[in-house]
Amino acid sequence: MTAPAPKILVADDWQDYRLLDSGNGGKLEQVGPYHFVRPEPQALWSPQAPARDWDGADAIFSPADDDEAGRWRFNGELPPTWTLRWDDLKFQSRPTPFRHLAFFPEHSVHWRYAREWLRGRKGGHPEVLNLFGYTGLASLACASAGAKVTHVDASKKAIGFARDNQQEAGLAQAPIRWICDDALSFVKREIRRGRRYDGVILDPPKFGRGPNGETWQLEGGLAELIDACQTLLRVEPAQRGSARGFFIATVYAVRLSYLALAQTAQQAFEGAAGEWEVGEMALPHANDPRVLPTAIYARWRS
Ligand SMILES: C[S@@+](CC[C@H](N)C(=O)[O-])C[C@H]1O[C@@H](n2cnc3c(N)ncnc32)[C@H](O)[C@@H]1O
């Protein structure tokens, strides 16, 4: 199966997040009321905003190494967390030691896609598995669209933030299982237990560790994990033609083309009815027509 033509998904549905400028290996963002400068290796071009806008940011992140770690320099007081809104969801942003602000705004294109599928489905209680779920926004987007969600992440701290977000979003009663585990080990166990899901979301890092020291390496593990996710979706070989479900995979910061991800996923799902979209995710600039590439993706629904 040939991969479809690539599509750029631009996350242009934010009120509380704006990419103000990028260039010289950095980006200037407004997140709620605060301005941040963070490294951005894709921004090879020159910035367009005046230097004073960059210099006046509330916090500037300086990387220490290639491992995303580094240190924040704060110009004045910043609260430890602040509330943001996307669509009808409220959640918390905060500066983390790994340069992130506890959410990835470009992912809103996939939250919307998952919600559309969930809301368009008639009857039953769809079940969604969110792997490498981080601070839980995809889980909350799916839960608020009526799904039972299983959220898996290896970090207790990230799950703690995700639970805070569940409260903030007013979804304390929503059926979400928070599981601290290694993603691949969990998926294999679910297969042995005969569990099945209607939707799977996968946002693996380049490198990570499970809570028991399991090593996750994207290039070595992705094909096996996608294959296992395909088994967990109700896409059994005998009934692939009539499959109903969705699958979303994103990949950051590795030297992989969207075609590599797309063809790996299409191979695992071979024969499944449904529609694929593949390509790049990007953020629009608030004040000019450029878009900033952030990740590659492959997604499927039927
Ligand atoms: C959201 S992903 C990162 C993907 C991201 N968009 C990026 O920039 O690479 C990071 C999450 O994966 C989790 N993680 C790392 N290794 C893991 C593993 N082996 N099993 C489950 N979760 C893991 C981390 O705790 C973190 O919350």
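Along the sequence shown, the residues carry numbers beginning at 1. Note that ligands are numbered from 1 as they come in the structure, with each ligand's atoms numbered from 1 the same way. Since the model is a prediction, treat every value here as computed from it, not as a measurement.
Residue contacts with ligand 1, taken as heavy atom pairs separated by less than 4.0 Å, involve Trp216 solely via side-chain atoms from C-beta onward. Residue contacts with ligand 1, taken as heavy atom pairs separated by less than 4.0 Å, do not involve Glu214 at all. Contacts with ligand 1 closer than 4.0 Å are made by side-chain heavy atoms of Tyr252 only, the backbone lying farther away. Under 4.0 Å from ligand 1, not a single heavy atom of Thr250 appears.
A salt bridge is defined here as a Lys NZ or Arg NE, NH1 or NH2 lying under 4.0 Å from an Asp or Glu carboxylate O, and Lys148 with Asp198 fails to meet this definition. In this structure, Arg163 does not pair ionically with Glu168, as no charged nitrogen and carboxylate oxygen lie closer than 4.0 Å. A salt bridge is absent between Glu190 and Arg196; no separation between the charged side-chain nitrogens and carboxylate oxygens falls under 4.0 Å. Using a 4.0 Å cut-off between charged side-chain N and carboxylate O, Asp58 and Arg73 make no salt bridge.
Asp13 and Trp86 form a side-chain donor-acceptor contact under 3.5 Å, judged by distance and modelled atom types alone. For Thr150 and Arg177, the side-chain atoms include at least one donor-acceptor pair closer than 3.5 Å.
In this structure, atom 15 (C) of ligand 1 lies nearest to the protein heavy atom Pro205 CG, 3.7 Å. Protein heavy atom nearest atom 5 (C) of ligand 1, with residue, atom name and distance: Phe104 CZ, 3.6 Å. For atom 23 (C) of ligand 1, the closest heavy atom belonging to the protein is Phe132 CD2, 3.4 Å.
At a threshold of 4.5 Å between side-chain heavy atoms, the hydrophobic network of Ile, Leu, Val, Met, Phe, Trp and Tyr places Leu222 and Ile248 in two separate groups.
Residue-to-ligand polar distances keep His100 apart from ligand 1: every N/O pair is separated by 3.5 Å or more. Looking at Asp153 next to ligand 1, an N or O pair under 3.5 Å apart turns up. Considering backbone and side-chain N/O atoms, Ala183 comes within less than 3.5 Å of an N/O atom of ligand 1. In terms of N/O distances under 3.5 Å, ligand 1 is approached by Ala154.
The contact set between ligand 1 and Asp203, taken as ligand atoms under 4.0 Å from a residue heavy atom, comprises 1 (C), 2 (S), 3 (C), 4 (C), 5 (C), 6 (N). Per-residue contacts place Asp182 under 4.0 angstrom from the following atoms of ligand 1 (heavy atoms of the residue considered): 18 (C), 19 (N), 20 (N). Numbered from 1 in the order shown, with element, the atoms of ligand 1 that lie under 4.0 Å from a heavy atom of Ser155 read 25 (O). The Gly208 neighbourhood of ligand 1 comprises atoms 15 (C), 16 (N), with distances under 4.0 Å to a heavy atom of that residue. Close approach of ligand 1 to Gly210 (heavy-atom distance below 4.0 Å) involves ligand atoms 19 (N).
Judged by the shortest distance from any of its heavy atoms, Asp181 lies inside the 4.0 Å radius around the atoms of ligand 1. Within the 4.0 Å heavy-atom shell around ligand 1 one does not find Ala253.
Using cut-offs of 30° and 60° for the angle between ring planes, the Trp300 and Phe269 rings count as tilted. Aromatic ring orientation, Trp14 versus Phe103: tilted (interplanar angle from 30° to 60°). Ring orientation note: the planes of Phe132 and Trp216 are tilted relative to one another, at an angle of 30° to 60°.
Side-chain contact between Leu84 and Val31 is present, with at least one heavy-atom pair separated by less than 4.5 Å.
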